4 protein chains.
Amino acid sequence: MSSTAQPRRGNTRQRIQDVALELFAEQGYEKTSLREIAEQLDVTKAALYYHFKTKEDILVSLFQDLARPIDELIAWGETQPPTLEAKKEILRRYSEALAAAAPLFRFMQENQATMRDLSVGETFKSRMMRLLELLKQPEGTMTDRVRCFTAIFAMHAGIFALRDVEGDPEEKQEAILEVATDLMVRAQGVTE
Amino acid sequence: MSSTAQPRRGNTRQRIQDVALELFAEQGYEKTSLREIAEQLDVTKAALYYHFKTKEDILVSLFQDLARPIDELIAWGETQPPTLEAKKEILRRYSEALAAAAPLFRFMQENQATMRDLSVGETFKSRMMRLLELLKQPEGTMTDRVRCFTAIFAMHAGIFALRDVEGDPEEKQEAILEVATDLMVRAQGVTE
Amino acid sequence: MSSTAQPRRGNTRQRIQDVALELFAEQGYEKTSLREIAEQLDVTKAALYYHFKTKEDILVSLFQDLARPIDELIAWGETQPPTLEAKKEILRRYSEALAAAAPLFRFMQENQATMRDLSVGETFKSRMMRLLELLKQPEGTMTDRVRCFTAIFAMHAGIFALRDVEGDPEEKQEAILEVATDLMVRAQGVTE
Amino acid sequence: MSSTAQPRRGNTRQRIQDVALELFAEQGYEKTSLREIAEQLDVTKAALYYHFKTKEDILVSLFQDLARPIDELIAWGETQPPTLEAKKEILRRYSEALAAAAPLFRFMQENQATMRDLSVGETFKSRMMRLLELLKQPEGTMTDRVRCFTAIFAMHAGIFALRDVEGDPEEKQEAILEVATDLMVRAQGVTE
DNA sequence: GATGAATGAGTTTTCATTCAT
DNA sequence: GATGAATGAAAACTCATTCAT
């Protein structure tokens, strides 16, 4: 962090993003004011506006930078054949991507109401729909569809919700992946 | 809705709650202003303060009134023996209770960041912990615990998340319950 | 002005309008901040917003209240036959109406750029067109039309522009009316 | 306008003036920000400060460059004998000078409130007084003085005010000059 | 002849809340 | 059981300006 003395270097934009993500995730988007972000960075509010056009723009930039791996994963997934093995791999990779962008996903999870009328919300929703499409079985029952849905959702929620459950983080993450994979597998209509 | 003409004596408090819940659920807690609530009710902001001490107080009152069935359900659950059948029944009843208080749960689901530093948040969290305790198997593995957790979470999320998936609402609700029950059953240590 | 002690009575709205008009006319619309208005009234900025929805709304209200006589005059003018005598009377009355709402017209005269993109601007422009229509002679030459136009404009400009010319105000006003009337008369097709 | 590609060395100062005048005239001085000017020129705000000390300085420079013909005209007028013929010639030339610097005069006409507390305002006012002095008859009545005043003002206002009146621009300009000349002539006390 | 990064002072506007009536 | 009038604090955002490079 080395904030002693003059940082004044070309990294301000990045630092704004870091602090913003931290505060957005901790307190929520609306409750985080630009004054707060600026103060924590020891710059003026106007400096934020030099780097970002609006408050929302800061959020958008976070998604652009951090959600890319997810996009790439989905794009990759769409090139795969719809085999069980491929689907398992998608979930495995999704679990990793999620862990890498944990604060962002925590933010999304906890600020859904806000996301809804922020441009970035729509974008995300459609991403999820594409992912769902990759995992589900075309002729599956409603129950199967719900299973797939739950698989994805469990991963999202899991990361943060289990924070206050005792246990090793890695172990938890693996357990979540296991449950999700299990749900997805059962959703393939292995019924009979 | 019969909102034409006469203000219908004595039910203002109730009407405030109705409108507040609707707006809180639709737009989020922070983005809903008391002015908005008052305007929609055609009373002044000051009138809200006659009935409730603060904005947060309105929210608290909603939880007090609407989350009671959940509390009662959990309390009832705690009197039951930890059999599979009882656990299934708890989930079944939970599904119903959730449906009955759907807007409130939608609100919670979508405003977690807000809930966190509102007194009512803690209350709710502990409720969930108690519910989890009821469903999980004491010596279960981490994976089993995650299954239980996912079961509950799936029910919460399901109600709203599936809104924009085609299909009959009741069918969806049943499917969700089925998936949740399934998860919980598997979590009972099908180990051997 | 009696601003000693507590004014707190139902006249705040009026007082806001008074001060606003004075400042808008003196410094221009954009250069007058709500802080300034509030300070001069010894209330908070928020108090202004209790009485008016926006800054622009204060201006609109001034027009609504002060430009009414002009509207009525034009409406009356439109009921008159297009005789020379009637047209003279219209100018005479217009001169009076202008004097009565002098600060507002000074404001308009000096803030045309601002008026242009304020809703109230369009309204005013059409008013002027109607007035012009009343005075001009249908088959008049371009020169005649310009004369009518100049007659009206001279009255608008005169009131303020002559402020720093020595001489008795009433005498000036009469002189302006005389010049305007003269212009209008000549515009009636002294063709032959 | 050839604004594609190469920046055309050395003329930036001129380009700033061009864009500034256009925007000042279109939107008013206060509503035009340096950011806007810079953006339209595709340079940074700081570049403007290389060429001009302040925002006001840009405006001052416009007057210095564009109002010179007016100054010269007045200076020339002051060398002429106060004959009717000379006065007519002054008006004729003034009409031309005005047309040549139309956007600047439009700006002045529409931003009087702003002009008033910009150094350049005083300068201009005294110019007008000198012009008035040239046209009026020393012992004229108040009415005569008003006529002279109106003559000048009509020319100022006319150019822009008639923009939305149908008709050929040149014809309009001539009509305005005719009316102004007429007013001035009558102001010479041709009474008897 | 310019830019990149920033600032300080300001703007309009909104909010939850209060209180005398 | 309410309203009318107001406040204090804060929000997001904009602007002219500066200065090291």
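Each chain gets a letter, A, B and so on, in the order the sequences are listed, and its residues count up from 1. Nothing here was measured: the structure is a model prediction, and the numbers come from that model.
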Quick one: D:Phe52 CZ to F:dT18 P, roughly how many Å, whole number? 16 Å

Is the side chain of A:Arg15 donor-acceptor paired with the backbone N or O of A:Leu41 at a distance under 3.5 Å, no angle test? yes

For D:Leu48 and F:dT18, give me the distance from atom CG to atom C1', rounded to whole Å. 14 Å

Any D:Tyr49 side-chain nitrogen or oxygen under 4.0 Å from OP1 or OP2 of F:dT17: yes

Has C:Glu56 got a side-chain atom pairing as donor or acceptor with C:Ser119's backbone, closer than 3.5 angstrom? yes

Using heavy-atom distances to pick each residue's nearest nucleotide on DNA chain E, tell me which of D:His51 and C:Glu30 is more 5'. D:His51

What is the distance, to the nearest angstrom, from the CZ atom on C:Arg15 to the C1' atom on F:dA5? 13 Å

Shortest side-chain distance from C:Lys45, nucleotide among F:dT14, F:dA10, F:dA2: F:dA10

On a heavy-atom basis, which atom in C:Lys55 and which in C:Thr32 lie closest, and how many Å separate them? NZ-O, 2.9 Å

If you pin C:Tyr50 and B:Tyr50 to their nearest nucleotides in DNA chain F, which one's is more 5'? B:Tyr50

Within 45° cone of C:Tyr29 ring axis and under 6.0 Å: D:Lys31 NZ or CZ: no

Per side chain to side chain contact (heavy atoms under 4.5 Å, CB included), A:Ile70 is matched among A:Phe124, A:Phe105, A:Phe63 by A:Phe105

Between C:Ala25 and C:Pro103, which heavy-atom pair has the shortest distance, and what is it? CB-O, 3.9 Å

Interatomic spacing from CG in B:Leu48 to CG in B:Asp57 - rounded to 0.5 Å: 11.5 Å

What parts of residues 53-63 of chain A reach DNA chain F, counting only heavy atoms under 4.0 Å away? A:Thr54, A:Lys55

About how many Å separate OG1 of B:Thr114 and CG of A:Asn111, when rounded to the nearest 0.5 Å? 7.0 Å

N/O (side chain, C:Thr12) to phosphate O (OP1/OP2, F:dA6) under 4.0 Å: yes

Going from CE on D:Met108 to CG on D:Leu62, what distance comes out if it is rounded to the nearest 0.5 angstrom? 12.5 Å

Residues of residues 31-40 of chain C with any non-hydrogen atom less than 4.0 angstrom from an atom of DNA chain E: list those, numerically ordered, please. C:Thr32, C:Ser33, C:Leu34, C:Arg35

Rounded to the nearest 0.5 angstrom, the CG-CD1 distance for B:Asn11 and B:Ile16 is 10.0 Å

For C:Glu122, I'd like to know if atom CD has over 12 heavy atoms of other residues, nucleotides or ligands within 6.0 Å. no

Encoded 5' to 3' (Watson-Crick or G-U under 3.5 Å; [ ] crossing; | other strand), DNA chain E becomes .||||||||||||||||||||

Between C1' of E:dG4 and CG of A:Asn11, the distance in whole Å: 14 Å

By nearest-nucleotide position on DNA chain E, the 5'-leaning member of D:Asp42 and A:Thr44 is D:Asp42

For the pair made of CG in D:Leu41 and P in E:dG1, what is the distance, rounded to whole Å? 16 Å

